[in-house]
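To start, the structure itself, in structure tokens.
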Amino acid sequence: MRTDKKQLLVISKKGNLSAELNENLSVHCEISSVNSIHTGYNLALDLLPDIILIDQTSLSSKSLKNIPNFKSTHFLNKCWLVLYTDESFRDITDLHYKNEVNEVIYSSTTKLHLYSRLLQQVHSKFSITNYWKDSFLGLFNLLLNPVLLLQQDKIIAMNDSFKESFKFDEKDVNDLKLTDFVNCENKTKVRASLRNFARGKHMKAVTKTSLKLKDNKSRNAKISFSKLDKMMHGQFIMMIHFFDEDSLLDTKVGSNSENVENCFEENSKMSEFCFTKREKEIIQLLCKGYKTREISDALFISPKTIEKHRANIVKRTNSDTILESIIYAIKHNLVDIQHA
């Protein structure tokens, strides 16, 4: 499978149009089709397509009023929005929609012209795929603020300002994670929140936390996350803005991604976290290598109840597996290893 294919979203009630586009452009595009503008808009927020083709010839006039939503949405305003419309609709198009789309193609032209224009845009040097990446990387080391390129919590690259502000071992530079510099106990929550942000629909998020500097001191900072390139499998940038030394972290900051902000707020509550008595019994037996049936016999509870407790343990530790939860519990002294 080609990794450089562009995303084309077709909004049309004509199945034959989507089939013809697949036949002519599938080598260059991943093509998705829906039959309404409302569904197409929601899908566009998930796919972040390079090109959106709206087939007016098959849609109701009433539904077209939603066309401005595409270009007014920050996450979609770099896509190439094409309106394929009937010649008899030209006056209405010029009056209401011409300024809301990037290009209007009339059905009086040949289908070959439509395919050709879409193909030209696929190969355009102004393609959205490179827009954020090129803009960011061109300024990366010129920025005075510490800036990171992240993939979830893994650090892919850091600018010179970050290297000057934060302490790390050069031999570990390829294995560094953001959580290595976040001054909070619940690093698993930070990692999970960043993973959710990378996979989510939000373009940016802003929050506050305390960061560990190279002089072994902590300093309050506002951190801003922004998606870099939708084709980079979860990579995004993080910019750090330090406060004055006496600034407090008690001012609320607006965010388009609440899960990131809430994550850092919850970190301060980590000291209050502990397993329930039953969860602690189960995880200590898991540390011994007990299986579900063996735990059931030892604690005189049903396997179904044990599975429910295991699921709660995974959820409460924000882990992906029970093994990860066990490791987390051991690292944070949440279980008594000597009695496990």
Side-chain angles (χ1 to χ4, degrees), residues 74-75 77-78 125-126 128-184 187 189-191 193-198 200 202-265 267-268:
H74 185 76
F75 223 0
N77 64 7
K78 298 303 178 188
K125 64 181 179 179
F126 301 110
I128 181 177
T129 302
N130 297 319
Y131 179 83
W132 294 110
K133 181 180 177 182
D134 292 348
S135 298
F136 168 66
L137 294 181
L139 296 172
F140 188 63
N141 278 311
L142 298 179
L143 296 172
L144 298 178
N145 295 85
V147 183
L148 294 174
L149 174 61
L150 297 168
Q151 183 160 5
Q152 296 181 23
D153 70 329
K154 181 176 174 58
I155 296 176
I156 306 301
M158 60 183 74
N159 72 344
D160 293 339
S161 180
F162 186 92
K163 295 176 183 178
E164 293 172 1
S165 301
F166 293 87
K167 179 181 179 180
F168 60 91
D169 194 326
E170 288 288 347
K171 67 181 181 182
D172 298 327
V173 69
N174 294 325
D175 299 312
L176 289 174
K177 297 182 178 180
L178 175 60
T179 47
D180 294 330
F181 303 99
V182 175
N183 190 26
C184 56
K187 295 187 177 185
K189 277 187 175 291
V190 174
R191 184 192 62 187
S193 292
L194 296 181
R195 178 178 60 205
N196 292 337
F197 170 67
H202 297 289
M203 183 67 182
K204 62 181 180 180
V206 181
T207 190
K208 294 180 179 179
T209 189
S210 179
L211 298 174
K212 295 182 290 187
L213 305 182
K214 66 190 307 179
D215 55 3
N216 293 321
K217 294 181 179 179
S218 295
R219 190 173 178 188
N220 298 330
K222 180 175 77 172
I223 51 179
S224 305
F225 302 97
S226 180
K227 296 288 179 66
L228 174 61
D229 190 325
K230 68 182 185 351
M231 302 298 288
M232 292 181 69
H233 308 292
Q235 291 186 9
F236 53 96
I237 59 174
M238 185 188 95
M239 181 175 288
I240 300 168
H241 302 265
F242 290 117
F243 297 158
D244 294 333
E245 294 294 342
D246 57 350
S247 295
L248 301 176
L249 295 178
D250 58 358
T251 303
K252 291 185 177 180
V253 176
S255 172
N256 288 345
S257 185
E258 292 183 2
N259 61 336
V260 175
E261 184 175 0
N262 292 341
C263 149
F264 287 97
E265 290 179 357
N267 286 329
S268 61

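Side-chain atoms are counted along with the backbone in the values below, which use heavy atoms only and exclude waters and symmetry mates.
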- Message: Under the side-chain contact (heavy atoms from CB on, under 4.5 Å) test against Ile155, which residue among Asp175, Leu149, Leu148 passes?
- Response: Leu148
Please find the pair of heavy atoms, one from [X] and one from [Y], that lie closest to each other, and give the distance.
X	Y	result
Lys167	Phe181	O-CE2, 3.4 Å
Met158	Phe168	SD-CZ, 3.5 Å
Leu144	Ser161	O-OG, 2.6 Å

Using a 4.5 Å cut-off on heavy atoms from C-beta on, say whether the side chain of [Y] contacts that of [X].
X	Y	answer
Ile240	Ile223	yes
Ile237	Ser226	yes
Phe166	Asp180	no

- Task: May I ask you to decide if Val147's main-chain N or O and Asn159's side chain share a donor-acceptor pair within less than 3.5 Å?
- Result: yes
- Message: Taking NZ in Lys177 as the centre, count heavy atoms belonging to other residues, nucleotides or ligands within less than 6.0 Å. Is the count above 12?
- Response: no
- Query: To the nearest 0.5 Å, what is the distance between NZ (Lys222) and CZ (Phe242)?
  - Reply: 13.5 Å
